Amino acid sequence: MTMTQHAVVIVGGGPTGMMLAAELALAKVDVAIVERRETQDLDGARSRGLHARTIEVLDQRGVVERFLSQGQVAQVAGFAWIPLSISDFPSRHPYGLGLEQKEFERILAGWVNELGVRIYRGREVTGFAQDDSGVDITLSGGPSLRAGYLVGCDGGRSVIRKAAGIEFTGWDPTVSCLIAEVQMTQEPAWGMRRDAIGVHAFARLEGRVGVMVTERQIGPRGQPALRELSDALVAVYGTDYGIHSPNWISRFTDLTRQAAAYRDRRVLLAGDSAHVHFPVGGQGLNLGVQDAVNLGWKLAQVVKRTSPDSLLDSYQLERHPVAARVLRNTMASLALLRSDDRVEALRETLAELLRMDEPRRRIAGMMSGLDIRYDLGEGHPLLGRRMPDLDLVTANGPRRVFTLLHEARPILLNLGEPGGFEIAPWANRVRIVDARYSGPWELPVLGAVTAPAAVLIRPDGHVAWVGDRTQLGLTDALTRWFGPPAAA
């Protein structure tokens, strides 16, 4: 039986899967998505916003305006519902974006479609088998696929993770919440509320009401019924406000887990397949999109045999600690949302601390994703951090740093005298840009840093090398990240 072949097959067409597909398509890799939904339409509660670093990532790819035009710019960062402004952060996007996940997915799907990605809709993976050269993937209701690599972006109950036998370790749920969009015959108590049971909220939506209510005990798995939502509301408010005609109802818990490994040979995990947590702080979607942007260019180079397979090990080394930190901060946030006199005293103390600049910047830097630093060793403070979007002066006129990254290719940015860098063995992989910049160099949380003479910027926007025309360490960095030198 003939199998359709692709270099990479992604399972799951949510935000993580589509962002990864876009990254691979930009690198001219043959990538396909398998998605169980027949259309991109989404019901149920999902993320309602983007944090600043995700907005920057979309800016790096030249598509950010598509999202900004459809969303609401706002200060969305908050720790346990204690608001944190990032309006003074050194970023072109010192804010979050209110945008429902279904809208985010719709816009992302439009871009992915323009990039020519094949999507197998209405299909589910029923199993796979990997060998030394690829992965055979069996699908429901159709022929099998063959891929060089398989990436599970199929959510917290990931079929791919389970079939790969990857452990999902962490903490069992202690609380469950119902969330819904409904009609009501009476006006509810608008806004957020915290009590001994947990956190609850009513929000005005177009022609309907958004509801979140914490249950007295952890609810059963499976689709919740309107009666369960009614009972939970009565327990908290003494009434269900005449709820009826739900658009959807779903349940989530504070189950907190992380994949022990993000990779098993030719199978990788990203997004909720690799980590799940309570949605306080709205970091889940952002974490997944940034997983995709870290993995995409690395996987593309391995597929093209530019880089050795071992480059993929850096994906887990860099992204696992970032997710582990999100898991810790969401557990801490939920603990502070519980309501009794002792917790209130703790919240008041923390809120006072977070009104001070240094603690606010530190926690807001973490929540927004702007402070992420991958451990690339000792050196300049820029090393391993996201490159600021500076306004450069080049021979071809003014350019922003992020516009140089639209094609998801690495850049050697020379800020000293033009010329002088010799990287011929990497010339077809790494673009040299001579530019001048005279303004301050500022990083979120850290503040001002010394101006570098030259930086090597990875496709994900993180700095892989900082140096000067002596090129000390540059060959090692080029080899490590962009493959061994090409033969002359």
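Predicted model, so just to flag it, every value in this text is computed and none were measured.
Side chains of Gln60 and His406 form no contact here, defined as non-hydrogen atoms less than 4.5 Å apart. Counting only heavy atoms from C-beta outward, the side chains of Asp391 and Arg400 approach each other to under 4.5 Å. A heavy-atom distance below 4.5 Å is found between the side chains of Leu26 and Leu115. Using a 4.5 Å heavy-atom threshold, the side chains of Ile10 and Leu150 count as separate. The side-chain heavy atoms of Ile33 and Met18, taken from C-beta on, include a pair separated by under 4.5 Å.
Arg257 approaches Phe168 most closely through the heavy-atom pair CD-O, 3.0 Å. Gln130 and Val135 get closest at one heavy-atom pair: CB-CG2, 3.9 Å.
Side chains of Gln101 and Glu105: a donor-acceptor N/O pair is present below 3.5 angstrom, by distance only. Side-chain N/O atoms of His6 and Tyr149 include no donor and acceptor closer than 3.5 Å. Side-chain contact, Thr54 with Gln290: a donor N or O sits under 3.5 Å from an acceptor N or O. Between the side chains of Asn329 and Gln283, at least one donor-acceptor pair of N or O atoms lies under 3.5 Å. Judged by distance alone, the side chains of Thr394 and Asn396 never bring a donor and an acceptor atom under 3.5 Å apart. Lys298 and Ser307 are not linked by any side-chain donor-acceptor pair at a separation below 3.5 angstrom, with hydrogens and angles left out of the test.
Ion pairing of Arg263 with Asp313 is present here, as a side-chain N (NZ or NE/NH1/NH2) and a carboxylate O approach within less than 4.0 Å. Salt bridge status for Glu103 with Arg106: present, with a side-chain N to carboxylate O gap under 4.0 Å. Between Lys28 and Glu23, none of the side-chain N atoms (NZ, or NE/NH1/NH2) sits under 4.0 Å from a carboxylate O, so this pair counts as no salt bridge. Using a cutoff of 4.0 Å between basic side-chain nitrogens and carboxylate oxygens, Glu38 and Arg123 are not scored as salt-bridged. Between Asp154 and Arg161 there is no salt bridge, since no side-chain N of the basic residue sits under 4.0 Å from a carboxylate O of the acidic one.
How far NE2 of His462 is from CG of Leu382: 11.5 Å, rounded to the nearest 0.5 Å. Separation of atoms OH (Tyr374) and CZ (Arg385) is listed at 12.0 Å; rounding is to 0.5 Å. Note that the CD atom of Gln5 and the CG atom of Asp136 stand 9.0 Å from one another [nearest 0.5 Å]. The structure places CD1 of Ile423 at 9.5 Å from OG1 of Thr475, a figure rounded to the nearest 0.5 Å. The structure places CG of Leu412 at 11.5 Å from CG of Leu404, a figure rounded to the nearest 0.5 Å. Atom OG1 of Thr16 and atom CG of Asp291 lie 6.5 Å apart (nearest 0.5 Å).
Dense packing is recorded around CD of Gln70, with more than 12 heavy atoms of other residues, nucleotides or ligands lying under 6.0 Å away. Other residues, nucleotides and ligands contribute over 12 non-hydrogen atoms within 6.0 Å of the CZ atom of Arg121. Around CD of Glu114, the count of heavy atoms belonging to other residues, nucleotides or ligands within 6.0 Å exceeds 12. When the shell of 6.0 Å around CD of Gln72 is examined, it contains 12 or fewer heavy atoms from other residues, nucleotides or ligands.
Residues that satisfy the side-chain contact (heavy atoms from CB on, under 4.5 Å) test with Ala323, not counting sequence neighbours, are Gln258, Tyr262, His275, Leu287. For the side chain to side chain donor-acceptor pair (under 3.5 Å) test, residues two or more places apart in sequence or in another chain that qualify with Arg208 are Glu181.
For residues 281-309, the pairs satisfying ring pair (Phe, Tyr, Trp, His ring centres under 6.0 Å) are Trp297-Phe482, with sequence neighbours left out.
Under the side-chain hydrogen bond (donor to acceptor under 3.5 Å, both in side chains) test applied with Glu56, the options Arg386, Arg92, His51 reduce to a single match, Arg386.
When atom types are taken as modelled, the side chain of Ser368 and the backbone of Ala364 share a donor-acceptor pair closer than 3.5 angstrom.
In summary, the aromatic rings of Phe278 and Phe252 are positioned with their centroids under 6.0 Å apart.
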